[in-house]
Each structure stands twice: as structure tokens, then as C-alpha cells.
2 protein chains.
Amino acid sequence: MAKRSDGGERPPGMADVARVAGVSAQTVSRVLSDHPNVQDKTRAKVLAAVDQLGYRRNNAARMLSSGRSRTIGVVTLQTDFYSRAAVTSGIENAARAAGYAVSTATTASLDTFAIGSALSRLADQGVDGVILSVPLIHSSERIEQLTRSTPTVAIDGSRTDATEVVAIDQTLAARLATRHLLDLGHDTVWHIAGPGQWLEAASRRDGWRASLEAAGRAVPPPLEGDWSPASGYRSGLVLARIPDATAVFVASDEMAFGVIRALRETGRRVPEDISVVGTDDIELAEYCSPPLTTVAQPFAQMGALAVAHLLRHLADPGALPEPASVEPRLVVRASTAPPSRSSSVPRQ
Amino acid sequence: MAKRSDGGERPPGMADVARVAGVSAQTVSRVLSDHPNVQDKTRAKVLAAVDQLGYRRNNAARMLSSGRSRTIGVVTLQTDFYSRAAVTSGIENAARAAGYAVSTATTASLDTFAIGSALSRLADQGVDGVILSVPLIHSSERIEQLTRSTPTVAIDGSRTDATEVVAIDQTLAARLATRHLLDLGHDTVWHIAGPGQWLEAASRRDGWRASLEAAGRAVPPPLEGDWSPASGYRSGLVLARIPDATAVFVASDEMAFGVIRALRETGRRVPEDISVVGTDDIELAEYCSPPLTTVAQPFAQMGALAVAHLLRHLADPGALPEPASVEPRLVVRASTAPPSRSSSVPRQ
DNA sequence: GCAGAGAATGTTATCGATGCCAATAGTGCG
DNA sequence: CGCACTATTGGCATCGATAACATTCTCTGC
């Protein structure tokens, strides 16, 4: 039974509105749901009553009765990394525009259990659908079951049977970066990849390798970071000790910052001695020194696309799960330049 | 009426569990709510039935009946700025730990209408309480009413009657930064502030001014940015033209990146010619060149504190709204140094 | 051995909105 | 002028869980 604790001052219900407007509750419901079959005069009366009472539809009741909540859940990794925030932002905008609320469940780690529990928290809340914005490496019976019972769209790098996938073409991103460096005249391009479990990272690595192979260049062994600037810094220190490395494609701008710092500290100039291309185009990329050449990722757009897919799926559960992807774009700034043969020796 | 669309396969309800366990629905409810007055044997039977049926409590029904949703809403500004993401992160963690779900409503602008509509979206969703994580400058009747009817905790810089406030001591942050620079021997310290409407920005400005005055130094006119690196860059260009500016305290790391870039481009060295202190301690601050001296803000901690306050208030609506604040901390890196009298002339 | 406190469990009304179906009021057309 | 038909509107059961209250059972203490 509902709370009676407050001083008898209960917020108005549909029945109250109906009474004031002199119609039935059902009609009020129809007006509020934009049903076509309501006379303008009646609609006006109802709306006036709604306004007068300051009535707001009770979402809980609505949800219980209709079985839908007009809420979409987002499972996302809890980090400060730019990319996640940008995607979430895009999702929220698109959802709001479509009249959906957004409920977030963050997970601190990527293991099956953590993701599963984030999913079930959302399921318990009764979300209509879920956007999985984490790389789902291993699935589990529990996860499969949850994604089967709740419409789910996976962003970039989730592997489940019951989900549609929306992605940015990361292979293309890597190709753009690699080609740019080769076109500048570099013999080959090194790569600092993201963590192997992330599909995004793997795709970028593949795209980079493919580009080099297509151009008939040597493929240096890739280094691996964890997206953090600190890991970029560590990789940068390694790179600095390799005399003939003149160009590197880094899988995130944040790591690129670390790489550049490491290179400078060890006396390698950017871009004179070594060119660096990042990925993401975070806002600070332009204010790094030197300003970072990078591959911009349409994160917000992807978030919006994910919402669109989810809504389409909700509207018509039978629709075919056609995968979609959006394209990244190269942004050339000042961290890349043609190789200068003379100065490819580390000073350190 | 609930959806009948699916093939008659309705998820199990409490009644089903009750039937399987051979008890009443009420008892099931008690078991699930950890009521004390249930025999262990009964509890076990119920839990077994729950497990067997894969039963999950229906949140909508729960909410409708009990009047509470165990969900807290967060109103936040839609940006990629580090600080907002960090706060939200802290909120989510704390909320999850307390068994609360989090629903987010972002607003693109700070005007009364936008914030009001974010608040009402949350209210419509039936959140138990709200954390206002945006600077609320002007209130409105609508907002006052919403914050009165829904328990609200404001983070840093919201001005409403009906809200508790949790904040980081920004005055202290500014004092730490300013004192650090004065202690290094600078005659005075310039300031690049955040947007005037943000209480955070105003407090930092006040703290900075107070520190200078306390030390009997001249107070230069503050410049103002909008938190973005681009605005920092613009302010940096102005600063570069002021020959006797040897130290600057910037109200955010992101702006500080822009400032440093502008200074370097115009030939002023950091920190030799001019010292820069940022605010926030974003992850990239350490990888700026030079590594940025900054005032670290315990954002996540503040988010957690906000949740704690809100929950306390929910548990005991009568409790006094004691304001709380957490303390920032100075992190000295390499962007600050004693002034070198010789080189305080711009090269440009 | 019995009254009465208190634990354990069941009964019932209700929360607020919606869907289905019936009822009523108009409308067009033969 | 009346019938078939449609646009409006109301009645009622229902979603799933909870709170208040009732009831049954189990022990103490005297």
C-alpha cells in the first residue's frame, strides 16, 4: 500500500484529473497518450484540469500496467576515458530526444560477473532495452539469458548472439593513420595498441597491420598499453630506444600524450625525429605540444546510432539485425612530418 | 493491463513463488525484504523456490506499491569535462554500494528552463532523491517546487532553499595554488577564472584574491574562460603580452593546457618565464609538457559524500542539513618555478 | 495449567494507469 | 426516415507487490 506517512497530501492521480475535467479516467489517459479518438473540446478540458492540478503521470503505475518503462539502460565502463564519456553523451541526447530516460550501470571491471551484474541491475529496473557500451569478451550463460530477454544493442566489440552491433570502423581508422604516415615517406609505422581484450583495439591493430602489408612494408611488433597515459609513457620509453622508429600510430590520444612525453624526455623530437598519430581526437589533442595529429572518432554519433537501432528493434522486434558502422576521420595537426634521415638517432 | 503479446510466457510473479514454496505471497515478500520475523526453514523454502523459478522482483510494482524506487537521479551538465565525469563516477559507485540505481538527466545548458526540465524528467521517473551536479544560478518557481517535493542534494554551487549542499573547498584550492606561487617568490599571481556563473569558479577567484590581499600583493584583473582548452588558449595569448606576469593560477587543467600552449607559441617558456598552476589534476596533467602543477580535487569523494547525504536525508527527512566539504590538495610538478628576473620579457 | 506477550504467517485492500470491450452519440447514405 | 457504421467515451479487470490488520501458533511466567 502506498505511503500514507505524509500529511494526507497525496499528489493528484488520474482519477482526480478525471473528476475535475468531468470525464472518465480512461479519457484522461487517452489524452495524455495522444490518442487520436478524442474530441478537441474534451482534450482541452482535460489538459486544463491537468494544468490546474499540476498533475504528473505516475511512471511506476504506467510501467506496471503497460509493461514498458520508456527507459533504456546503458552498461558502461567506469573510467574517465574520453571515449566512454563521449559515447554516453551521445546516447543520452538521442534517448532524450526520443522521449526515453537513461539509466546507467557502470562496471569497474570487464569480467563476466561484473558485466552480468550490471546487466541484471538494469533488468531489475525494468529497462525496455540495453546498450552495452563495454567490450564483452567472454559471455556467460547468465549474460546470454539476459541479452535474450532484454533487447540489447552492443557498441563496438561485444560478442553475444542476441545482440545487434553498432560500431565505428576501426580498421579504417587504423588505415587512415597508417597511410598518412606512409604517405609522408616513413618506411614503416610502429603501433602502440590498446588492451588486447578490447575489440576496438584489436581492429585497430589489424587495420594497421593490413595497411603495412598492403604497402609491402615491414611490420614491427606492436606494443600494448591499457589506454592510460601512463601506459603510453612506458611504451614511449621503449620506442625511444629503437633508433629506426620514425613513426608511430597510437591507439588513443591519452596514450599518445604519454608517448610524446616519453619521447621528449629521452631527447627525441616530435615530429622531427618521430611522428606520432593518436586516436579519438579528444578536446585536448589540439593543445598538446605539438598539437596532435589524430583520427577523430564520431563517438556521439555512434551513441545516437545505437539508440536508433535499439528503438527500431523495440518498435519491431522482428526486424533484421543489420549491423551498422560510422566512419572515423583523419585530423592532421603538427605531430607528424616527413622523416628526416639525419636525425633518427636517439640522443639519450 | 500488462502486455500479452509474448507467447503467453510471462515471467514468474511473487504468487508463483508463493505457490511453489507453499506459503503466501506476503511471506515471500518478507523473505525478500529481509524481514526478521520469518522462520529459517520457511526462508529457505522460499529462497529455493525463487531460485528454481528464476524469479526477480518486479520493480515497477514494488515502486507503485511502496512509493519508493531506490533510484537516485543525477542532473549533470553534458560535457566531456573531466570534473563532471569524475563526480558522476563517484556518485554511481556510492549509489550502487548502497543498493540504489542511478538515473541520469543531462542538460546542455545552464538556464533555468533546461535544468528545470531535467529535474522534472527525473521526478517523473519517480526517483527517491536527486543530486544536482550543475551550478544552479537562477532558481525558478518550478525548480523550487521540484526541489521541495523531492529530496535534493546540491553539489557545489547550487542555490536553492530546499537543498543540502556538498562542496569542495574551492577557496582553499585557490589559496593553495596562490600561496605556492608566492612562496616560490613571485610578486603576484594572475588568474584565469572559470565562467562567472559557476560558484566553483567564483570561489576560486575569491580565494585567489584573498590570498593576494592577505600577502599584501597587487591583485591583477582576472581573465575569464569557459573551462575549455580553447578559452585557455585565448587567455594565454592575452597573458603573453603582459611582460611582468610571471605566475598564473588557472581554474582548470583543461584551460591550463590551452594557456601553456599559447605561452609557448608566443615564446614564453614554462616554467622559466612564467609559472602555471592548474586545477583538478586530470590524468593527463602529469603528461603535459611540462608536467602540470595543479590542485587535485577529490571529485569522486565528493560524489560519494553527496550520495551519503542524500541517503541520510531519505532515511531521516528531519535531519538537519549540515553542509559538508572535502579538501583539495596541491600537487607540485614541473610547471612552476621561482621567477627568473632576467627573462620576464616576452620574446615575441 | 492458563493467560498473555510476541513471533510467524495469511487476508485483503490498494497503489495509479492501461487495455479490452461495451455503450452511446453522431453521420452518411440508400 | 431509418439502418449501418464510426467516432467518442466510460466501465471494469488487471499488472505485481506491499502495508495494515487479522489470525494462528509458541512460548514464558506465575
Side-chain angles (χ1 to χ4, degrees), chain A residues 1-6 8-46 49-50 53-70 123-126 128, chain B residues 1-6 8-46 49-50 53-70 123-126 128:
Chain A
M1 200 174 273
K3 55 179 176 196
R4 294 231 163 281
S5 41
D6 48 0
E9 194 60 47
R10 191 167 40 274
M14 202 171 251
D16 301 305
V17 176
R19 199 173 314 118
V20 171
V23 298
S24 79
Q26 182 52 220
T27 301
V28 175
S29 174
R30 272 192 276 259
V31 170
L32 266 44
S33 308
D34 273 329
H35 243 62
N37 294 358
V38 179
Q39 235 170 19
D40 286 351
K41 207 180 66 181
T42 315
R43 183 187 310 275
K45 270 194 306 186
V46 171
V50 165
L53 295 175
Y55 167 75
R56 330 215 48 156
R57 256 194 304 199
N58 181 318
N59 194 264
R62 203 162 145 60
M63 192 172 154
L64 174 60
S65 184
S66 71
R68 280 166 319 112
S69 61
R70 292 192 78 80
D124 282 348
Q125 267 181 80
D128 289 347
Chain B
M1 194 174 274
K3 55 177 176 197
R4 293 234 163 282
S5 41
D6 48 2
E9 193 60 47
R10 191 166 44 271
M14 200 171 255
D16 300 306
V17 175
R19 198 174 314 117
V20 171
V23 298
S24 79
Q26 181 54 215
T27 300
V28 175
S29 173
R30 273 192 276 257
V31 170
L32 266 44
S33 310
D34 271 331
H35 244 62
N37 292 359
V38 179
Q39 233 170 21
D40 286 352
K41 208 180 65 182
T42 318
R43 184 186 309 277
K45 269 194 306 188
V46 171
V50 164
L53 296 176
Y55 167 74
R56 331 213 50 154
R57 254 194 303 197
N58 180 317
N59 196 264
R62 203 163 146 56
M63 193 170 152
L64 173 60
S65 183
S66 72
R68 279 165 321 111
S69 62
R70 290 192 79 80
D124 282 349
Q125 267 182 80
D128 290 346

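Reminder, nothing fancy here: chain letters follow the sequence lines and each chain counts from 1.
Sorted by first then second residue, the salt bridge (Lys or Arg N to Asp or Glu O under 4.0 Å) pairs that include residues 19-46 of chain B, not counting sequence neighbours, are B:Asp16-B:Arg19.
Spacing between atom CG of A:Leu64 and atom P of D:dA13 amounts to 17 Å, rounded to whole angstrom units. For the pair A:Asp16 CG and C:dC15 C1', the computed distance is 13 Å after rounding to whole Å. Atom CZ of B:Arg56 and atom P of D:dC15 are 21 Å apart (whole Å). We find that CG of B:Asp124 is positioned 14 Å from C1' of C:dG16, with the value rounded to whole Å. If you take CZ of A:Arg70 and P of C:dT18, they are 12 Å apart, rounded to a whole angstrom. Protein atom NZ of A:Lys45 is 12 Å distant from nucleotide atom C1' of D:dT8, rounded to whole Å. Rounded to a whole Å, the CG atom of A:Asp40 is 15 Å from the C1' atom of D:dT9. For the pair A:Leu53 CG and C:dG16 C1', the interatomic distance rounds to 15 Å; values are reported in whole Å.
Among all heavy-atom pairs drawn from A:Ala49 and A:Val20, the shortest one is CB-CG1, 3.7 Å. A:Leu64 and B:Ala60 make their closest contact through N-CB, 3.8 Å (heavy atoms, listed as atom of the first residue, atom of the second, distance).
Counting non-hydrogen atoms of neighbouring residues, nucleotides and ligands closer than 6.0 angstrom, the CZ atom of A:Arg68 reaches no more than 12 such neighbours.
Using a 4.5 Å heavy-atom threshold, the side chains of B:Arg62 and B:Arg70 count as touching. The closest side-chain heavy-atom distance from B:Val31 to B:Val23 is not below 4.5 Å.
Contacts between residues 23-32 of chain A and DNA chain C, counted as heavy-atom distances below 4.0 Å, involve A:Gln26, A:Ser29.
Salt-bridge check for B:Arg56 with A:Asp124: passed, with a basic side-chain N closer than 4.0 Å to an acidic carboxylate O.
Here the nucleotide nearest the side chain of A:Arg57, chosen from D:dA17, C:dA17, D:dC15, is C:dA17. Which of D:dT18, C:dA17, D:dG16 sits closest to the side chain of A:Met14 comes down to C:dA17. The side chain of B:Val38 sits closest to C:dT9 out of C:dT9, D:dA17, C:dG16.
One finds a side-chain N or O of B:Thr42 lying less than 4.0 angstrom from the OP1 or OP2 phosphate oxygen of C:dT9. Close to C:dT18, at under 4.0 Å from its OP1 or OP2, lies a side-chain N or O of A:Arg62. Side-chain N/O atoms of B:Asn37 include one lying less than 4.0 angstrom from OP1 or OP2 on C:dA8.
At least one donor-acceptor pair under 3.5 Å links the side chain of A:Ser33 to the backbone N or O of A:Ser29. Remark: side-chain polar atoms of A:Ser24 are paired, donor with acceptor, to backbone N or O of A:Gln26 under 3.5 angstrom.
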Pull out every protein N or O sitting under 3.5 Å from an N or O of nucleotides 25-27 of chain D, one pair per line with the distance.
none

